[in-house]
Structures are given as C-alpha cells and as structure tokens.
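Working notes, beginning with the structure itself.
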Amino acid sequence: MSFFQWLQESFPPAPKWRPEDAPDLTGKVVIVTGGNAGIGREITKGLLKKNAKVYIATRSEDRAREAIDVLTTETGKKAAFHQLDLSDLAQVRESAQAFAKRESHIDLLYLNAGVMLPPIDALTKQGYDLTVGISLIGHHLFLRLLYPLLLAAPAPDPARIIWVASFAHHHVPGGRLNYATFTDGPERRKTGLFLLYDEAKLAQVTLSVYLANRAKERGERVVSIALHPGNINTEIFRDKKSWLLKLWVRVYPWPTPYGAITPLYAGTAPEAVEHKYLRPWARPGSPNLIALDVTEQDKLWNWLEEQVKDYL
Ligand SMILES: NC(=O)c1ccc[n+]([C@@H]2O[C@H](COP(=O)([O-])OP(=O)(O)OC[C@H]3O[C@@H](n4cnc5c(N)ncnc54)[C@H](OP(=O)(O)O)[C@@H]3O)[C@@H](O)[C@H]2O)c1
C-alpha cells in the first residue's frame with residue numbers, strides 16, 4: 001500500500017450513509033462477537049435502534065452486562081449476552097451448540113471481536129498466536145458450526161456474514177500468508193506483532209471472499225462481506241504501556257460511533273450485498289489481490305479445516 005492509499009483510507013470523505021438510514025430490522029436475529037466494547041458496541045447500538053434482536057457474544061459476562069445496561073438506557077432495547085471465548089476452540093464449539101438451542105436461525109453474523117498487539121507470549125488455549133487464533137481460527141469454527149442457522153434465515157433476504165477486518169490486510173509483504181507464524185516457534189517470534197495482525201486480517205478477507213464465492217456457486221442465500229471500519233478510537237490498546245500507542249490513539253483515530261457506519265451499512269443496506277469488500281465510510285473498495293486468488297483461498301480453507309476438525 002502506498003502512502004497515498006494510506007492517506008485515502010485514513011481520511012475518507014464525509015459519510016453519505018448513516019446508521020439512521022438502515023431499514024427496520026424487526027424480527028432479525030443478529031450476533032455481534034465482541035459486541036460489548038468499541039466498534040462492536042456501536043454496531044449493537046445501531047442494530048438495537050432498528051429493533052433487531054441482538055446477541056452480544058463475548059468472553060466476559062460482567063463486561064457484557066455492563067454494556068447491555070448502558071445500551072438499554074441509550075436505546076430503550078435490551079441486547080442478550082451469549083458466552084463466547086474465541087481463544088478456546090472447545091468453548092467456541094460449546095458456544096455455537098448453546099446458541100443453536102436459543103435460536104433456529106441467524107440473519108446477520110458480525111465477526112468483529114479481536115485483539116491487537118498482545119504480548120508475544122500470548123497464545124490461545126490450543127497454542128495458536130492469540131491475534132490469529134481469535135480473529136481467524138475461533139471465528140472460522142464459530143461460523144462453521146453456525147452455518148446451518150444462516151442457511152435457515154427466512155427468505156427472501158440473504159443471511160449476511162460481516163467480517164470486521166482492516167486495511168492492515170494490505171500490509172502483508174508479498175501478500176502471502178506465512179502459516180508457520182500462526183503457531184508458536186522461531187518464525188512467529190521473528191515476524192513481529194504488527195505483521196501477525198496484518199496476516200490475521202488478510203486471512204479474514206481471503207476467507208470472506210472464499211465464502212461469498214462458495215455460497216454463490218452453491219446457490220445458497222448467504223453473503224459474506226469483509227470491511228475496514230476506519231481508524232477508530234476504541235479500547236483496543238487498553239492494556240498497552242507504549243507511550244507511542246497512547247499518543248496515537250489520542251491524535252489519529254475517529255470517534256467510536258464512526259466505526260459502526262461501514263459495518264452497519266454492510267449488514268443492513270439492501271445494495272451492500274453486491275459487494276465483497278467495503279471501506280470507510282460505507283464505500284465499495286478493492287481488497288488485496290491475494291484475497292481474490294482462488295489457490296490462496298483454497299489453501300486457507302483447507303488449513304483452517306485441518307485446525308478445527310476435532311471440534312466440528
Ligand atoms: N479500532 C480500530 O481502529 C480498528 C481498525 C481496523 C480494524 N479494527 C477491528 O475492529 C474489531 C473491533 O476492535 P475494536 O477496536 O472495537 O477493539 P475493542 O474495543 O478492544 O473491542 C474488542 C472486542 O473483542 C472482544 N474480545 C477480545 N478477545 C476475545 C475473545 N477471546 N473472545 C471473545 N471476544 C473477545 C473484546 O472483549 P473484552 O471487552 O472482554 O476485552 C471486545 O468486546 C477488531 O477485529 C479490530 O481488529 C479496529
């Protein structure tokens with residue numbers, strides 16, 4: 001990505017579409033992973049205002065309940081909590097199975113939860129890099145297990161899978177995923193935290209395009225859209241000690257509500273189903289060309305299936 005492209009992504013033109021423009025969502029069942037904080041919380045708020053039935057799927061019940069109380073005051077509508085820890089594949093399976101007992105279909109699945117630059121020693125329960133494990137592998141398993149509920153979404157609208165990725169997916173050198181960095185070892189240790197985040201996001205976008213194409217080929221009423229939400233002031237750096245990051249989050253990002261514009265457009269605007277990748281604010285964009293490469297998509301799908309096979 002050139003400096004010019006970076007500037008374009010960072011300072012988009014004023015939004016032409018606003019969350020108020022979303023249609024009424026009465027009767028729609030929605031899951032927002034990480035819906036208790038940051039961008040996810042703003043997405044949840046926008047959906048509640050349009051009368052959707054929203055489940056906040058996240059790891060901390062206390063943090064979720066706190067957010068639900070505030071959101072109820074703000075919107076007059078109450079979201080539900082659903083336990084989900086994306087850093088543990090056994091719990092992800094438990095979570096998906098429990099959800100299938102709560103609802104018979106899903107209209108809209110936001111795969112939003114994520115971490116950025118956790119300590120290099122942080123791994124998931126099954127030993128994957130934490131960023132990749134949560135954003136990619138945990139979400140892949142959750143989605144795989146919930147796919148029948150997406151297929152069961154009432155006609156005529158297609159069910160939508162929305163991946164809150166990032167323009168950071170353009171930053172992977174050579175554009176190729178290095179699978180050796182996804183588990184702990186010398187390759188991962190020398191890769192660095194920024195690149196691990198970039199790889200996780202490139203993999204999300206690649207998987208999203210794969211799923212969109214596969215659903216179309218199979219004639220399924222499901223769409224998958226990946227997006228960059230903008231550079232948003234959220235809690236993503238809450239544990240960081242670096243003064244540089246602390247300065248960065250003060251001067252650079254947009255206010256949190258901006259972070260929900262593109263995801264809400266992707267999930268609710270009728271015309272958004274035509275797109276595979278969106279950029280801020282609610283505009284079509286072009287993903288990294290690698291994400292469109294069928295060989296890379298198949299390789300990623302097969303790798304992911306191998307990782308989650310014991311939990312399906
Ligand atoms: N902020 C930006 O500028 C920006 C830019 C591009 C893309 N994004 C993407 O936007 C998404 C949301 O980020 P954000 O900025 O809103 O960050 P945030 O405020 O830190 O929110 C992250 C959410 O993910 C949840 N989460 C973390 N680990 C989890 C786990 N193991 N299982 C389930 N939920 C988990 C967090 O739960 P807790 O509250 O319990 O920690 C929180 O609800 C991320 O995918 C991020 O990569 C953000």
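Small disclaimer: the values here were computed from a predicted structure and weren't measured. Both ligands and their constituent atoms are indexed starting at 1 by order of listing.
Salt-bridge annotation for Lys53 and Glu103: present, with a side-chain N of the basic residue lying under 4.0 Å from a carboxylate O of the acidic one.
Ligand 1 lies under 4.0 Å from heavy atoms of Gly34, Asn36, Ala37, Gly38, Ile39, Thr58, Arg59, Ser60, Arg63, Leu84, Asp85, Leu86, Ser87, Asn112, Ala113, Gly114, Val115, Ile134, Val164, Ala165, Ser166, Tyr197, Lys201, His228, Pro229, Gly230, Asn231, Ile232, Thr234, Glu235, Ile236, Arg238.
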Step-by-step ring pair (Phe, Tyr, Trp, His ring centres under 6.0 Å) determination, Tyr55 to Phe99: CA-CA 10 Å; Tyr55 288 88; Phe99 194 82; 4.8 Å; yes

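The cationic atom of Arg214 (NZ for Lys, CZ for Arg) lies less than 6.0 Å from the six-membered ring centre of Tyr147 and within 45° of the ring axis.
Take Asp85 and apply the side chain to side chain donor-acceptor pair (under 3.5 Å) test, not counting sequence neighbours, and it matches Ser87. With sequence neighbours excluded, the residues forming a salt bridge (Lys or Arg N to Asp or Glu O under 4.0 Å) with Arg63 are Glu235, listed by chain and number. Under the ring pair (Phe, Tyr, Trp, His ring centres under 6.0 Å) criterion, Tyr179 pairs with Phe182, Trp303, sequence neighbours left out.
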